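Beneath this line is the structure, given in structure tokens, with notes to follow.
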Amino acid sequence: MKVVPLLALSITALAGCSNAKEANKSNFAHAINDWIEKGPPCLNVPNGTVTAPGQKYDALPAYVEATPRTQQFAEEARQRRLAPLDALVDAGIMKKSTTEIEQQNMFGGAERKVAVIAYDLTDQGKAAYSKDAGPSTMGGKRTGLCYGKPHVDEVTNFTQPADMMGMTLSQVSYKYHLTDLPDWAKNPKVKAAFPDLARNTAESLDGKAALVLTNDGWKHEKAI
């Protein structure tokens, strides 16, 4: 005779624990994950030093002069462009070949042929490259070689919800890491050439977010 009342009480208690509008670490972790998992970090494909006629500066292939420069500062600049591109070649993301492209003489006159190293994406690189990798922190869409999936490990701290500009907000601190990392993102040469990649693939990262209370529960401010 007492089973039904006890079961009803248990269901009520569980419903109370799963209230999406409560300010607790579980709800906050869910809200943050729901946003950050949509936006994996991405590497910008490095630009070359020269372009083919009619080619945009940031378009592929990326061309770098094949011939070393005679001036030290110019050669150092050329090497800085080569290093990250060669690292991506080592990781199987890019391929390179030597060719010639036409260049307009800077003082006018006839075009001339320039020997260059051409860097382009491999099939693996094309699979990793995205023209729409989710929302950018600065607005718009992000493009590049994307890697991993951000996942919240722990909400470490949050402020008591407070009203601000007609909304209820809480400032949340959390720890997270990237899951599902591709092999190329673990390549030591790529990590050395791209400091952001080395930082983003650490075992534990710190993050902060402002969460907003909505009719459907807590949401990341950038998801509103």
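The structure displayed is predicted, hence computed values, not measured ones.
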Open item on the list: Under a 4.0 Å threshold between the charged nitrogen and the carboxylate oxygen, would K149 count as salt-bridged to D180?
Closed with: no
Task: Basic-acidic side-chain contact under 4.0 Å: D120, K96 - done: no
Measure across [X] and [Y] and return the closest heavy-atom pair with its distance rounded to 0.1 Å.
X    : Y   : value
A118 : T99 : CB-CG2, 4.2 Å
P40  : C42 : O-SG, 3.6 Å
V190 : A87 : CG2-O, 3.4 Å
N27  : E22 : ND2-O, 3.0 Å
P46  : A62 : O-CB, 3.8 Å

Do [X] and [Y] make a side-chain contact, defined as non-hydrogen atoms from C-beta onward lying under 4.5 Å apart?
X    : Y    : value
Y119 : L60  : no
V152 : I36  : yes
Y129 : I93  : no
W35  : P150 : no
P84  : F194 : yes
V172 : N157 : no
E102 : R112 : no
L178 : P41  : yes

Open item on the list: Just checking E203: does its CD atom have more than 12 heavy atoms from other residues, nucleotides or ligands closer to it than 6.0 angstrom?
Closed with: no
Any donor-acceptor pair under 3.5 Å from [X] side chain to [Y] backbone:
X    : Y    : result
E75  : R69  : yes
T159 : Q171 : yes
N200 : D196 : yes
E221 : L169 : no
S170 : L211 : no

Measuring from [X]:[atom1] to [Y]:[atom2], what's the distance to the nearest 0.5 Å?
X    : Y    : atom1 : atom2 : answer
Q103 : T51  : CD    : OG1   : 5.5 Å
T168 : D163 : OG1   : CG    : 4.5 Å
L145 : L121 : CG    : CG    : 6.0 Å

- [ ] Begin with the C-alpha distance, continue with both residues' side-chain angles, and end with the deciding distance and a verdict on side chain to side chain contact (heavy atoms under 4.5 Å, CB included) for L205 and K175.
- [x] CA-CA 5 Å; L205 299 161; K175 291 186 177 296; over 6 Å; no
Cluster question for you: counting only ILVMFWY and a side-chain heavy-atom cut-off of under 4.5 Å, with indirect links fine, are [X] and [Y] together?
X    : Y    : answer
W218 : F158 : yes
L88  : Y63  : no
M164 : I224 : yes
Y176 : F28  : yes
L82  : L43  : yes

Open item on the list: If we count only N and O atoms by modelled type, under 3.5 Å, do the side chains of H177 and D153 hold a donor and an acceptor together?
Closed with: yes
Task: Any side-chain donor near an acceptor of the partner, T49 and E65, under 3.5 Å - done: yes
TODO: Show your working on side chain to side chain contact (heavy atoms under 4.5 Å, CB included) between L85 and M94 and close with a plain yes or no.
DONE: CA-CA 7 Å; L85 291 165; M94 300 195 83; 3.8 Å; yes
Task: Full working for side chain to side chain contact (heavy atoms under 4.5 Å, CB included) between K191 and T201 - done: CA-CA 9 Å; K191 284 187 174 183; T201 54; 3.4 Å; yes
TODO: Start with the C-alpha distance between E76 and Q72, add both sets of side-chain angles, then the distance that settles side-chain hydrogen bond (donor to acceptor under 3.5 Å, both in side chains), and finish with yes or no.
DONE: CA-CA 6 Å; E76 289 175 350; Q72 182 177 350; 3.0 Å; yes
- [ ] Evaluate the side chain to side chain contact (heavy atoms under 4.5 Å, CB included) criterion for residues H151 and N33: first the C-alpha distance (whole Å), next the side-chain angles of each, then the deciding distance (0.1 Å), finally the verdict.
- [x] CA-CA 6 Å; H151 180 77; N33 267 331; 3.6 Å; yes
